[in-house]
Amino acid sequence: DSPFGKGRPGWHIECSAMSEQLFGQTFDIHGGGADLQFPHHENEIAQSVGACGQHCDHSHDGGRQLDSHVKYWLHNGFIRVDGEKMSKSLGNSPEPLELIGKYGADGVRVGMLLCSPAGGDLLFDESLPQQGANFATKIWNSFRLIHGWKLSEQLPQPGYAGLALEWFRHKLAEVNATLEAHFEKFRISDALMLVYTTFRDEFSGWLLEIVKPPYGQPIDSRTAAEVT
């Protein structure tokens with residue numbers, strides 16, 4: 001029971017009351033999970049603005065004024081494991097050290113970035129760190145291939161190697177431009193996938209296969225320098 005009768009204040013009004021007591025009638029940043037946007041945060045806005053008559057005095061979306069006591073609302077997404085929200089109660093939280101032991105630290109890093117779409121939840125499943133581990137292995141194998149070549153300062157660069165390198169330079173310029181666009185929009189997952197496919201297909205699958213020397217033969221130093 002409370003002095004006002006049975007029950008207790010709702011959690012919406014609790015947050016409005018606490019924020020006003022601690023920060024004042026208006027403040028800069030309020031955050032929370034994406035699932036709190038409605039009804040919790042909308043109730044906070046209605047209560048705080050209705051009680052105090054204050055708004056953030058800050059324009060949004062091309063000059064539109066938002067009737068809110070907060071300047072910026074920040075909402076985080078969730079990690080979803082096999083389509084379900086990750087939570088302690090469900091017991092579906094991946095164990096990071098177990099994943100690292102199984103797929104390696106680089107595999108887990110790549111896997112987490114691959115499941116990070118801009119503005120969305122992290123859609124995690126174990127195929128992603130496996131994909132990351134395969135990518136790390138692909139990079140390592142390419143490195144071993146290139147550094148296993150014997151160099152020759154006397155050999156001229158073959159015409160086919162020069163054409164392949166010119167093609168790849170143009171391709172790389174396109175990829176870099178697209179990467180810049182992804183980074184400007186915070187599309188980290190898209191950027192990583194572009195790097196992944198470019199390395200797997202154009203660099204490793206095409207360029208290295210074209211320029212690599214015949215078995216047991218050296219490679220000209222010019223081509224080797226441009227590849228590395």
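In this chain, residues are counted from 1 in sequence order. Computed over heavy atoms, backbone and side chain alike; hydrogens, waters and symmetry mates excluded. Predicted model only: the values in this text are computed from it and were never measured.
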Checklist entry - Does a side-chain heavy-atom distance below 4.5 Å link Ile79 with Val81? => result yes
Next on the checklist: Tell me whether Glu95 at atom CD has more than 12 heavy atoms from other residues, nucleotides or ligands lying less than 6.0 Å away.
Outcome noted: yes
Checklist entry - Are any of the side-chain nitrogens in Glu84 or Arg80 under 4.0 Å away from the carboxylate oxygens of its partner? => result no
Next on the checklist: Counting only heavy atoms from other residues, nucleotides and ligands, does the tally under 6.0 Å from CH2 of Trp206 exceed 12?
Outcome noted: no
Next on the checklist: With a 4.5 Å cut-off on side-chain heavy atoms, are Ile139 and Phe135 touching?
Outcome noted: yes
Checklist entry - Hey, mind stepping through Glu44 and His40 against side chain to side chain donor-acceptor pair (under 3.5 Å) and telling me if it holds? => result CA-CA 6 Å; Glu44 279 193 67; His40 182 49; 3.2 Å; yes
Next on the checklist: Evaluate Lys102 against Glu98 for salt bridge (Lys or Arg N to Asp or Glu O under 4.0 Å), listing each step before the verdict.
Outcome noted: CA-CA 6 Å; Lys102 191 173 182 180; Glu98 289 181 6; over 6 Å; no
Next on the checklist: Side chains of Gln131 and Tyr196, heavy atoms from C-beta outward: is any pair under 4.5 Å?
Outcome noted: yes
Item to check | Verdict with reasoning, His12 to His41, per ring pair (Phe, Tyr, Trp, His ring centres under 6.0 Å) | outcome: CA-CA 8 Å; His12 310 309; His41 289 159; 9.4 Å; no
Checklist outcome for this item: Taken to the nearest 0.5 Å, the spacing of Leu208 CG from Glu202 CD works out to 12.0 Å
Item to check | SB check Asp190 Lys185 (cutoff 4.0 Å) | outcome: no
Checklist entry - Do Glu180 and Asn176 have a side chain donor and acceptor closer than 3.5 Å? => result no
Checklist entry - Between OG of Ser16 and CD of Gln25, what distance do you get to the nearest 0.5 Å? => result 12.0 Å
Next on the checklist: Would you say that Phe124 contacts Met112 through its side chain, given a criterion of any heavy-atom pair below 4.5 Å between the two side chains?
Outcome noted: yes
Checklist entry - Please walk me through it: do Asp121 and Lys85 pass salt bridge (Lys or Arg N to Asp or Glu O under 4.0 Å)? => result CA-CA 9 Å; Asp121 294 339; Lys85 177 181 173 182; over 6 Å; no
Checklist entry - Looking at side-chain heavy atoms only, is the closest gap between His69 and Ile45 below 4.5 Å? => result yes
Checklist entry - Do Leu114 and Met193 come within less than 4.5 Å of each other through their side chains, counting heavy atoms only? => result yes
Item to check | Reported CG-to-CG distance for the pair Leu36 and Asn43, which is rounded to 0.5 angstrom | outcome: 11.5 Å
Checklist entry - Say you draw a straight line from CG of Leu128 to CG of Leu99; how long is it, rounded to the nearest 0.5 Å? => result 11.0 Å
Next on the checklist: Do Glu20 and Cys52 have side chains that approach each other closer than 4.5 Å (heavy atoms only, starting at C-beta)?
Outcome noted: yes
Checklist entry - Got a second to check how far Ser142's OG is from Phe203's CZ, nearest 0.5 Å? => result 6.0 Å
Item to check | Distance, nearest 0.5 Å, that separates OH of Tyr103 from OG1 of Thr137 | outcome: 13.0 Å
